[in-house]
Structure formats: structure tokens, C-alpha cells
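Below, read A as the first sequence line, B as the second, and so on, with proteins coming before strands; counting in each chain starts at 1. Bear in mind that the values here come from a model prediction, so they are computed numbers and not experimental data.
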Amino acid sequence: MPPITGSVYLMGDDVNTDVLHPSRFYSLSSSTRAAGLLSGAGGESMTGRIIIAGRNFGVGSSRESVIRGFIESGVQAVIAKSISRIFYRNAYNAGLPAIICKEAAENFSHAQIIQIDIEQNTLRDESGDITLPFVPIDPYFLGLIKSGGLPAGHGWK
Amino acid sequence: MSYVKQIFNSKIIGPAGGAYHWLRPDLVLLPEYALALHEEMLSRNNLKPKAPQKVMIVADHFSPPSSIERAEILSKVLNLCKKWDFPVRMFDGICHQLLVEDERAIPGTLIVGADSHTVTAGGVSALAVGFGGADIMAALLEDQIAMREPEVIGVELTGPIPKSIMGKDIILAVLKLLGPEKLNYRALEFVDNSVGGIDQDDRFSICNMVVEAGGKAALFIPDKITKKWLAARGEESSNFGNYQTDSEREYVERHVIDLGNLKPLAALPHDPFNIAPVAEVAGLPLDQVFIGSCSAGRIRDLAAAAKILEGGRVAGGLKAIVIPASRNVYLRALDEGYLRTLTLAGATIGNPSCGPCGAIDKGLLGAGERCAATINRNYRGRMGSPDAEVYLVNSRVAAASMIAGRLIEPEDL
């Protein structure tokens, strides 16, 4: 798998789904869902972003409109100290890498360009000065990323 | 072996890769909003449920729909179910209450649902786990779901239960004890050794909120209270399956909570873990009080509220909303006279549904408003404006607060 390169969007601890994507943006329309990420993210573009957060990221609802909102607004990956179980599964089911790394939030800054190497289990900054290992992804979830998410992996086109 | 592990092991059908196994579920729950996101894929591929006898599809979040878009979303789900010749539970109540009223939800079953509060069914000693819709599509179409065996934390509940204490206070005490992260990916097992035992409706309230700590599941070891619930549902046999309930159970952690020391608790804005005794926030003026939701909209909640509001009057200018969790709860509250009492006192009764919880239906809050609610989450925006405040409390405190127009314990009215 080629490395993922993107600009960091930094967040704190305990960011829950009602803040990440309020239920009023639940919709069958992808443009409505995309507009809902962080209620519009204060006008900042999320295209190509890598979200880095603290502990307990994504706690709360199982609504898949949340994870679709991430993908449809262009987020490439999420990295956090810890990630709430249902959010974690929804991310991989939709083909979005969700990575657990305790040191990322302290070592990278907002809008910095970083690279995720899924094969090598590492995060690094553009200069290569900082390289951080992350918790290896379980083969079950690696399989989901490689197949482009759960529906595609099960042949539901 | 823990009860959770016994259930988990008995449902394994094969490896799914890495630490994951394919498990065979006994009951599969799909609320309309979760199914709707997959309707297009299902219709286009002409896919059908593999084991429809295990499935429950519920219209409860858009019950009835409050916008044109939601009406059209529900319509897509209804058309799909019509094609499947599958009966939808239409506006019968919140899916999690319908689950525990269902004869298929019995001790030892694996229940999976496309909503985080599926954990509520741990109250009937099922291993009940919430997922996103894609995982539930595997359960629907392939009769299997990928799961990793959770570590299990054991909690023994002891002591006499003070009259002022309800399930909400017990789970808030548990959350306070364990903190916001310890339960992620783990399951909780409750042993009820309290004097007289914890009311079945309170057990549902307790299991309901374990997901606020990221918990995968919570269940009560089945006992005579479980048997009573099953008997009340009209089931003659109280078969708990081939599981051992009294053997030595292995847990990664063990805790004991003496309920005798508990006082009514509140979760303060904007976090279910921001917990303090109600006494510490008593007196705060309120704009709205809501009794309902899959967390605490059951007959025990309505009975407690009616007892406090009997002959009383909702404070002037306060929006007091009560929503029974299901059609059955609604009917029983009608028969017992609770709805009449609440209505006479000035509360507004909504139809069985999620209501304003999740900022879905009528009863939303505006900026600057403060609400006491028996729901499970008080995140910013959970009940409407991100600039509103929600205090999570038990149904007795909520009812007393309806009369006072401010946060108060019934004993201080």
C-alpha cells in the first residue's frame, strides 16, 4: 500500500460523534454529510487532511453518516491516542484507516504535512526528523482497507 | 469462566482474520436510519436477509418523520421491507425497548444491533453489542458478524438500595468509578447481590449507558429477577441455556459497589463523566425537563414520575416532556393512570420514540437553554443547540424538577 500524505488537523481528548458530525447532517445526500464534519470545521478545508486527536476519539453514536461525512469531505485517516470501539470499526468498514498512536498529538502540529506508512507501521513528518511507530493494525482490519471497506470486501457493489 | 466468554465461545463459527472470529448472532436489530444508508446497495443488488426470523427492523428515530427528507428516507426503508415481505415495527417504540420485550431476547443469546445503545439488552443477560450498519449488513445478509473476544470486568452490587436511587445513579456511579477509557473494547458483568435486588427496568438503564464509556457490552448474571421479567413477558420456561451462572468467574478487574451509600447523581454539561451529587447542583433554574429515551423511559420511570407529580403542577413556563419508551410501556402507563396524572400535572406526553434525544425529534433545545433529562448523553448539541446545557438525572429527580422548575431532589420539594 502506498503511504498516505496529508496535512494535520489537530483535535483534543474525548471528541464525541455529536461534535464530530451533528445528527442534523444525517442524510442520504453525500453533500449534506460532507458539510456536517465538525459542523463545517470553521470553514477550514478537510480535503486531504489527517486528523490527529487525543484519547477516546469518536465516542458516542454508531451513525455511519459520521464516517461517511469524514470520507466525503476528503479526510484520509484518523490518528488518536485511543479510539472508541464503534467508531474504529465504522472507519475500517468504510475503508478509512484509524490509527492508534499515543505520541502523535504531542509530536505533530496543526497543518503540518505528515506521512502514514501502513505497511511499516510508522508516522513521519515531511523532513523525516520525526518517526513514530503506531500500534500494528489487526490483520482483520488491514484486510478491510485492502478490499476498500466491508461492503466491497463482501461483494456488495 | 465469565458469562460473557461462555456466550461468546458458544457462538463462534470460524476465524475472520487476526484476533477476530465470525460469530453467529441470535437476534439482529436494524433501526430505520441505519438500514436507510444501505438501502440503495441492497435494492440494486437485490439482496435479502439470510435468516429473517432473527431480524428486527424498527421505525423509531423518525417516528413519525419530522421533515420531508426523513419521510422519504423512511419510505425507502418501508419499500425495501415490503419487497422482502418483512414486517417493520412501525412507531412501536424505541428499538432497544422493543428488543427486551421480544421473546427472542433471552439469557445467553448474542444480540447485535446497528445502534450503540443495543447494549441495553444486557439487562436480560444477553451478550448485546452495538455496531455500525456495515457490520450489521454482514449479520443481515450472511448470518455472521466479526468479533474479538472482549476482556471482562466484574462488578458486584451490594447493600440496601436507597429509595431515592434508580438505575441512572447506579450506572453513573459505575462510570465514575471506572473512568472514561477503561471500558473501551471491554465488557462489564454485573452480579446483583443487593438487598431485594435491582428492578429489571433499572437494569436496562444501567446496561444502556455502558457504551458512554466505550464499553462493548454489559450484562447482568441471570437470577430470579431475570426469571420474573421473562415470566411477565409470558414465557413459561425460564431456561438460561447451558451456561454456568454460579461457577468461579474470571475477570480482568473486580469491583464492589455498596449501593447503600449512593446518593442521586447528575452528569453535568457536557460530558456523561462530569458527575456530581444532585445536591451540589440543586437550585439551578431549568427551561425544560425530559423523561424518556432508551435510557429511562420505562414503566418504573413513569410510575416514579407520576407518584411525585400526583396532585402537583409543572412549574409555570417550564417545558415538561414525557415519552414512554414503547407502545407496551405507553399502554401500561395508560392502564395504571400514570399518563393521566402526568397530563393533569401539565406534562406533555409524546408518542413512543427517541424524541428529542439525539437532537432528532420535537423537544429540541435552543441556545442558552438548560434541561434536566433522563437520557444517556449530554454532549454539546445532543439535544439541539451546542449552546444548550443538559443535566442527566434519574426520573424521580426529573419529576421533582418539573414541579420546582429547577434541579431538585423530591425529598427537598
Contact leader toward chain B among [options], where contacts are heavy-atom pairs under 4.5 Å:
options: A/S61, A/P151, A/P22; value: A/S61
options: A/S82, A/G60, A/G143, A/G58; value: A/G60
options: A/N90, A/N16, A/I86, A/N56; value: A/N16

Can a donor-acceptor pair be found, under 3.5 Å and without considering hydrogens, that links the side chain of [X] to the backbone of [Y]?
X: A/S23; Y: B/G358; value: yes
X: B/D115; Y: A/S62; value: no
X: A/R85; Y: B/R186; value: no

key: A/K102 NZ: over 12 foreign heavy atoms closer than 6.0 Å   = no
Considering only heavy atoms, which portion of [X] lies under 4.5 Å from any heavy atom of chain A: side chain, backbone, both, or neither?
X: B/E181; value: side chain
X: B/D135; value: both
X: B/L42; value: neither
X: B/R377; value: side chain
X: B/A146; value: both
X: B/E40; value: neither

query = Which pair of non-hydrogen atoms, one from A/D18 and one from B/Y379, has the smallest distance, and what is that distance?
reply = OD2-CD1, 3.5 Å
note = Tightest non-hydrogen contact, residues B/A36 and A/Y26, listed as CB-OH, 3.5 Å
With rounding to the nearest 0.5 Å, note down the distance linking [atom1] in [X] to [atom2] in [Y].
X: B/L37; Y: A/R63; atom1: CG; atom2: CZ; result: 10.5 Å
X: B/L47; Y: A/H154; atom1: CG; atom2: NE2; result: 12.5 Å
X: B/E39; Y: A/L28; atom1: CD; atom2: CG; result: 8.0 Å

I'd like to verify something: which residue of [options] has the highest number of heavy-atom pairs under 4.5 Å with chain A?
options: B/R380, B/K76, B/R382; answer: B/R382
options: B/P15, B/A213, B/P180, B/P31; answer: B/P180
options: B/A19, B/G113, B/A114; answer: B/A19
options: B/A138, B/P272, B/S67, B/P386; answer: B/A138
options: B/N376, B/L141, B/I360, B/D271; answer: B/L141
options: B/R44, B/E212, B/E142, B/M137; answer: B/E142

message = For A/I100, give me all partners under side-chain contact (heavy atoms from CB on, under 4.5 Å), at least two apart in sequence or on another chain.
response = A/I83, A/Y88, A/V135
inquiry  = Which residues in residues 64-73 of chain A have any heavy atom closer than 4.5 Å to a heavy atom of chain B?
reply    = A/E64, A/S65, A/R68
query = With only heavy atoms counted, which part of A/F87 is less than 4.5 Å from chain B, the side chain, the backbone, both or neither?
reply = neither
task = Measure distances from A/S27 to the heavy atoms of chain B and classify the residue's part below 4.5 Å as side chain, backbone, both or neither.
result = both
query = A/Y140 ring centre to B/R148 NZ or CZ under 6.0 Å, with the angle to the axis within 45°?
reply = no
